[in-house]
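Lettering follows sequence order; numbering is per chain, from 1. The figures that follow rest on heavy atoms only: side chains count, while hydrogens, waters and symmetry mates do not.
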There are 2 protein chains.
Amino acid sequence: MNSDFTLAVHSLTLLATLPDRMSSSDAIAASASVHPVRIRKVLSLLRKHGFIESKEGTGGGFIFSSNPKVVTLREIYQLTSEGTLQPKCPQVNDSCVVGSNLENVLYSIFTDGEEHLGQFLGQYSIEDVVNSVKQKQ
Amino acid sequence: MNSDFTLAVHSLTLLATLPDRMSSSDAIAASASVHPVRIRKVLSLLRKHGFIESKEGTGGGFIFSSNPKVVTLREIYQLTSEGTLQPKCPQVNDSCVVGSNLENVLYSIFTDGEEHLGQFLGQYSIEDVVNSVKQKQ
DNA sequence: TTAAACTGTAACTATTATTATTTCAGTTAA
DNA sequence: TTAACTGAAATAATAATAGTTACAGTTTAA
């Protein structure tokens, strides 16, 4: 799966542990070991979907604006990675029965599969992740 | 998911419809619209795991050597794509609690998730895929 | 009222992953 | 003994991902 998912979960997990103050993209980027601009892209997506709030200017940054108990990995997956489960099919060769129809067959199977995976990921909230991380510490 | 999965399913589906004769890598490659060398790599993997047999020389090629009713997408997934569900984590930053533990937490969740997906894919045999493809025709 | 610390984005570069291609050795059948 | 095939290594091309630079806009505080 793409790393946007990991970066989003990382950011939310970090913000969930710091609910009282703004965290800057530089700090989050350092924690995740990636470039600040990259993390800002992910944070921007999370903001547009209401998971976090941002504030520009001195003392600004990002803060969790929803409930870590309610936000699940499913929603993060949908936001950052929906469709990545679908197997890549090279350009279709219509002169072959298999070539011209397999794509649709697999698409339909993996659409169901992604739904199953979604239900599985829905079991884990950001709070669960925070607790697991703290426990491992 | 990587396209090796699709190519493997494509090859097996095609071979399952032609159980009486050898199919050459060139023919399979043409059906899948990829380079023959690439399809031979995938076919080689399938052969090493006993799904198909190959024969060199004139009139050689590949042929299904197992039962299309028994071979499922789960086994093909395991062979070609196991682990691809795991989210990519950038290098760990040990100075951060989240950075240093999240990888393990997500790894454990997605290992379970992949098992769930495996069970789901286990429902579909190559014969099912062949039938679906024919039905769409 | 201006400098400093931030976010928001676009554009570009670098890196990595994937795929295609070339090449050639080995096998088999006609 | 040649033509049709597999097997596989090595390399080239392409695509996907990530990093970097640059700069406009916002906010706070000195």
> When the distance from CE of A:Met22 to C1' of C:dA5 is rounded to whole Å, what number comes out?
Replying inline: 13 Å
> Transitively linked via ILVMFWY side-chain contacts under 4.5 Å: A:Met22 with A:Leu43?
Replying inline: no
> Atom CG of A:Leu43 to atom C1' of C:dT9: distance rounded to whole Å?
Replying inline: 14 Å
> Would you say B:Arg38 reaches C:dA20's phosphate, i.e. side-chain N/O to OP1/OP2 under 4.0 Å?
Replying inline: yes
>> So if I take the C1' atoms of five pairs at each end of the helix from C:dT1-D:dA30 to C:dA30-D:dT1 and get each local axis, what angle do the two axes make, rounded to 10 degrees?
In response: 0°
> For B:Asn2 and C:dA17, what is the distance between atoms CG and P respectively, to the nearest whole Å?
Replying inline: 14 Å
>> Please evaluate residues B:Val9 and A:Val105 with respect to the criterion side chain to side chain contact (heavy atoms under 4.5 Å, CB included), reporting the C-alpha separation (whole Å), side-chain torsions for both, the decisive distance (0.1 Å), and the verdict.
In response: CA-CA 11 Å; B:Val9 174; A:Val105 172; over 6 Å; no
>> I want to confirm an ordering. Mapping B:Val34 and A:Arg47 to their closest nucleotides on DNA chain C, which one lands closer to the 5' end?
In response: A:Arg47
>> Going 5' to 3' along DNA chain D, which are the first and last nucleotides with any atom under 4.0 Å from a heavy atom of chain B?
In response: D:dA3 to D:dA9
>> What is the separation between atom CZ on B:Phe5 and atom C1' on C:dT18, rounded to the nearest whole Å?
In response: 18 Å
>> Closer than 3.5 angstrom, by distance alone: can the side chain of A:His116 be matched with the main-chain N or O of A:Asp112 as a donor-acceptor pair?
In response: no
> If we ignore angles and hydrogens, is there a donor and acceptor under 3.5 Å between the side chains of A:Glu75 and A:Thr72?
Replying inline: yes
> Closer than 4.0 Å, any side-chain N/O of A:Ser44 to the OP1 or OP2 of C:dT9?
Replying inline: yes
>> Tell me the interatomic distance from A:His35, atom NE2, to C:dT13, atom P, rounded to whole angstroms.
In response: 15 Å
> For A:Gly59 and B:Arg40, take the nucleotide of DNA chain C holding the closest heavy atom to each; which residue's nucleotide lies nearer the 5' end?
Replying inline: A:Gly59
>> Looking at C:dG8, I'd like to know if its phosphate oxygens (OP1 or OP2) sit under 4.0 Å from a side-chain N or O belonging to A:Ser54.
In response: yes
> Under 4.5 Å between side-chain heavy atoms, hopping through other hydrophobics if needed: is there a path connecting A:Leu79 to A:Val71?
Replying inline: yes
>> Output the rounded distance in Å from CD1 (A:Ile28) to P (C:dG8).
In response: 11 Å
> For the pair made of CG in B:Leu7 and P in C:dT18, what is the distance, rounded to whole Å?
Replying inline: 13 Å
> What do the steps show when you test A:Phe5 against B:Phe110 for ring-ring contact (aromatic ring centres under 6.0 Å, His included), and what is the final call?
Replying inline: CA-CA 12 Å; A:Phe5 173 84; B:Phe110 277 83; 5.4 Å; yes
>> Going by salt bridge (Lys or Arg N to Asp or Glu O under 4.0 Å), name the residues that satisfy it together with A:Glu115, two or more places apart in sequence or in a different chain.
In response: A:Arg74
> Is any side-chain N or O of A:Thr58 closer than 4.0 Å to OP1 or OP2 of C:dC6?
Replying inline: no
> Heavy atoms, side chains only, cut-off 4.5 Å: are A:Phe62 and A:Leu46 in contact?
Replying inline: no
>> Using whole Å, what does the distance between atom P of nucleotide C:dT19 and atom CG of B:Asp4 come to?
In response: 7 Å
> How do B:Lys88 and B:Phe62 order along DNA chain D: which one's closest nucleotide is nearer the 5' end?
Replying inline: B:Phe62
>> Using a 3.5 Å distance criterion without hydrogens, assess whether the side chain of B:Ser65 forms a donor-acceptor pair with backbone atoms of B:Phe51.
In response: yes
>> Please pick, from C:dT27, C:dA20, C:dG8, the nucleotide with the shortest atom-to-atom distance to any side-chain atom of B:Glu56.
In response: C:dT27
>> Going by side chain to side chain contact (heavy atoms under 4.5 Å, CB included), A:Leu12 matches just one of A:Thr17, A:Leu7, A:Ile76. Which one?
In response: A:Ile76
>> The side chain of A:Val37 is closest to which nucleotide in this list: C:dG8, C:dT21, C:dA10?
In response: C:dA10
